[in-house]
Amino acid sequence: MTTRVRFAPSPTGLFHVGSARSALFNWLFARQQDGVFLLRIEDTDADRNREEWVDVIINSMAWLGLDVDEGPFRQSANAVQHKAAVESLYEAGVLYACGCTGDDVQARKGENKTPGYDGHCRDLNVPRSATTALRFKVPEGMTVVDDVIRGRIEFQNAVIDDFVVAKSSGAVLYNMANVVDDRVDRITHVIRGEDHISNTPKQQLIWAALSRVVGPDLPLPIYAHLPLLVDASRKKLSKRKDPVAVEFFRDQGFLPDAFVNFLSLLGWSPKGEEKVTREELISQFTLGEVNQSPAFFDVVKLTNLNGAYVRELSVEEFIAATLPWVDPSTALWSPADFQPLWPAERFDPGRYRAIAPVVQERVALLSEVPAMIDFLFLENPPIDAAAWTKAVTGDRDAIAILDAAIAAYKETEFDAQVLHEVTLAFTEQLGMKLRKVQAPIRVALTGKSVGPPLFESLVVVGRDEVLRRLSAAREVAGTTAT
RNA sequence: GGCCCUAUCGUCUAGAGGCCUAGGACAUCACCCUCUCAAGGUGGAGGCACGGGUUCGAAUCCCGUUAGGGCUACCA
């Protein structure tokens, strides 16, 4: 039998990393089993769903490279089948009408909160009306969930209340709609978050009832409940409190492959190195090996992994990937809230191409690139006060160094290797160390104390501009020197 | 409150009774390399929540305690 799995998010907010992880594990399993990965948008709650969130889900999955074999389907499009299933179950006596309001239930329960609903209308034969909901008549006995990840979980049916399956408005609720769809879609494995464990016995009960009274008699899907992703306070990742939208990570300059690799490490681990390709992920992934304890989403580790992926890119790939940050006018998309550091017309692809290889080795996030190379595209890069103070004002040799540099760079060939040697030569004449000498030159050139290697930077900026900046700095240093 | 899940370095994890004086990765510290910054290299510190069993032997199995967490809607 073909493995068929589904990812079934509800479009009620940003697509967050917990959802992404569920989607990924489903996708990995499908790919590995040579099965079918299906996307179903669970949009039955009209009050909370928004169309724009559907787009976010689809875009985020595309970014992650989780290609869908079937769908995206809309759960709402199956409303007719949901209602038909409900009617059949009602006629078979599996469901009953209940006119209790939430307040009624609360009032009767008082301090005793177990179970949620007390079964008040269960045997009252309440006639159906516009104010009655339909509840599932939970049978006696025990329901066993066989979870691939957690083993056998037993639920006494007595603690499962007669849950509502269809609202008084007629709208069919999650547990019912979800099961009907899983049956229609012939889902074989349900892989989802741990927060659904308590829904599972209810869904198994519905499934069994449907198999019995409506047919066909389908085997229960195999369940696998993934450990939750938690925040620093060990609580379930929240869309409201935590910066967890997948789009946010894309906008920070994370690479999808790195992101996917990192996600795969949360609750699971490959045999050897943690850094693994998608292909290895697919072949190595084993659902039963997923562990059971919640995992904290550590952005620092993600960042480190991302750096490794960035460094592995070819220069061409790196340039293409950074276009949204360096040359927004030619990029296919733009990060949210992105503020360009230089006017678009001053960007020079040739210069960027020349500096890219040494920049690539120095960033962990693509968004770090602009600040590292702004001196190439700004006429007068801003001078960092602290850097100036330390390297120029605070160094009484700075003027001599700048003078020597200007004199040397006037004559020499502008080649990184040659500049290195020339600089080394006057450094020795001065009786200094290169480490010391590069500082004022760097600040004069870039305005910063850190950045790409100096000699490569000099070459890209070019002799005339280098001399102009060095002279300007020399002049300011001379007038402010004490 | 009830039901359910979980418990190895700060974090993510390896570990399925002896291979564990518990391994790796990130973070951290030191040193090396070095034109800054990164990257890289070497080394260090750092953990089986606790208590009982079972066993010749337990991080691994069982029970309990404790601590976290999830669910407890006419949401999904």
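Naming: A, B, ... by sequence-line order, numbering from 1 per chain.
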Separation of [X] atom [atom1] from [N] atom [atom2], in whole Å?
X: A:E312; N: B:A39; atom1: CD; atom2: P; result: 15 Å
X: A:E361; N: B:U36; atom1: CD; atom2: P; result: 14 Å
X: A:D384; N: B:C37; atom1: CG; atom2: C1'; result: 14 Å
X: A:H225; N: B:C3; atom1: NE2; atom2: C1'; result: 15 Å
X: A:D161; N: B:C4; atom1: CG; atom2: C1'; result: 15 Å
X: A:D195; N: B:U6; atom1: CG; atom2: P; result: 15 Å
X: A:K236; N: B:G68; atom1: NZ; atom2: P; result: 19 Å
X: A:R21; N: B:C12; atom1: CZ; atom2: P; result: 12 Å

Please work out if [X] contacts a base, only the sugar-phosphate, or nothing of the nucleic acid, heavy-atom cut-off 4.0 Å.
X: A:Q360; result: nothing
X: A:F296; result: sugar-phosphate
X: A:P227; result: nothing
X: A:R442; result: base

Between [options], spot the one nearest the side chain of [X], thanks.
X: A:I153; options: B:C5, B:U6, B:U36; result: B:C5
X: A:H196; options: B:A76, B:C35, B:C37; result: B:A76
X: A:E194; options: B:G69, B:C35, B:U13; result: B:G69
X: A:F155; options: B:C35, B:C4, B:A76; result: B:C4
X: A:L173; options: B:C75, B:C12, B:U36; result: B:C75
X: A:K167; options: B:C74, B:C37, B:C12; result: B:C74
X: A:R435; options: B:U36, B:A76, B:U13; result: B:U36
X: A:D45; options: B:C37, B:A76, B:C4; result: B:A76

Q) Within a radius of less than 6.0 Å around CD of A:E273, do more than 12 heavy atoms belonging to other residues, nucleotides or ligands occur? A)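 No.
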
Q) Should we say atom NZ of A:K137 is surrounded by more than 12 heavy atoms from elsewhere, each under 6.0 Å from it? A)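 More than 12 heavy atoms, drawn from other residues, nucleotides or ligands, come within 6.0 Å of this atom.
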
Show every donor-acceptor pair shorter than 3.5 Å between a side-chain atom in residues 446-459 of chain A and any protein atom, with sequence neighbours excluded, or say none if there are none.
from	atom 1	to	atom 2	distance (Å)
A:T446	OG1	A:R442	O	2.9
A:T446	OG1	A:K448	N	3.1
A:T446	OG1	A:K448	O	3.2
A:K448	NZ	A:A371	O	3.0
A:K448	NZ	A:D374	OD1	2.9
A:K448	NZ	A:D374	OD2	3.1
A:S457	OG	A:P453	O	2.8

Can you see if the side chain of [X] gets near the phosphate of [N] - specifically, an N or O under 4.0 Å from OP1 or OP2?
X: A:Q292; N: B:U6; value: yes
X: A:N291; N: B:A14; value: yes
X: A:S269; N: B:A14; value: yes

Q.
Determine whether A:L28 and A:L281 satisfy the following criterion, side chain to side chain contact (heavy atoms under 4.5 Å, CB included), listing intermediate values before the conclusion.
A. CA-CA 7 Å; A:L28 285 175; A:L281 230 40; 4.0 Å; yes

**Q.** Sequence-aligned protein contact record of nucleotides 24-30 of chain B, with B where the base is within under 4.0 Å of a protein heavy atom and S where only the sugar-phosphate is
**A.** BBSS---

[X]: which residues meet the side-chain contact (heavy atoms from CB on, under 4.5 Å) condition with it, sequence neighbours left out?
X: A:T101; result: A:D103, A:D104
X: A:E140; result: none
X: A:S269; result: none

Q) Where along residues 122-150 of chain A does a heavy atom come under 4.0 Å from RNA chain B, residue by residue in number order? A)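 Listed by number, they are A:T131, A:A133, A:R135, A:R150.
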
Q | RNA chain B contacts made by residues 425-434 of chain A, counting heavy atoms under 4.0 Å | A | A:L434

Tabulate protein N/O versus nucleotide N/O from nucleotides 44-46 of chain B, keeping only pairs under 3.5 Å, one per line.
none

Which donor-acceptor pairs under 3.5 Å do side chains of residues 228-238 of chain A form with protein atoms, sequence neighbours excluded?
from	atom 1	to	atom 2	distance (Å)
A:D231	OD1	A:S233	N	2.9
A:D231	OD1	A:S233	OG	2.9
A:D231	OD1	A:R234	N	3.2
A:D231	OD1	A:K235	N	3.1
A:K236	NZ	A:D195	OD2	3.4
A:S238	OG	A:R240	N	3.0
A:S238	OG	A:K241	N	2.9

Between [X] (side chain only) and [Y] (backbone N and O only), is there a donor and an acceptor less than 3.5 Å apart?
X: A:D43; Y: A:S10; value: no
X: A:R463; Y: A:K410; value: yes
X: A:R469; Y: A:V443; value: no

Q. Does the cation-pi check pass for A:R311 over A:Y309, that is, NZ or CZ under 6.0 Å from the six-membered ring centre and within 45° of its axis?
A. no

For [N], what is the paired nucleotide under Watson-Crick or G-U wobble rules, both distances under 3.5 Å?
N: B:A59; value: none
N: B:C31; value: B:G41
N: B:U66; value: B:A7
N: B:G46; value: none
N: B:G1; value: B:U72

Q. How about A:H16 and A:F249: are their ring centroids closer than 6.0 Å?
A.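 Centroid separation for A:H16 and A:F249: 6.0 Å or greater.
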
Q: Classify the side-chain pair A:S19/A:R192 by whether it contains a donor and acceptor separated by less than 3.5 Å.
A: no

Q. Pick the nucleotide of RNA chain B nearest each of A:Q438 and A:T12; which residue has the one closer to the 5' end?
A. A:Q438

Q | Side chain A:R362 and base B:U36 donor-acceptor under 3.5 Å | A | yes

Q: Kindly say whether, by distance alone, the side chain of A:S168 makes a donor-acceptor pair under 3.5 Å with the base of B:C74?
A: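 Such a pair is found, so the answer is yes.
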
Check nucleotides 60-64 of chain B against the protein and report each pair of N or O atoms closer than 3.5 Å, with its distance, or say if there are none.
none

For residues 285-297 of chain A, dump all side-chain donor-acceptor pairs below 3.5 Å to protein atoms at least two apart in sequence or in another chain.
from	atom 1	to	atom 2	distance (Å)
A:T286	OG1	A:Q284	O	3.1
A:N291	ND2	A:G267	O	3.4

Listed pairs under 3.5 Å, donor-acceptor, residues 423-431 of chain A side chains, sequence neighbours left out:
from	atom 1	to	atom 2	distance (Å)
A:T423	OG1	A:Y409	OH	2.8
A:T423	OG1	A:L419	O	2.6
A:T427	OG1	A:T423	O	2.7

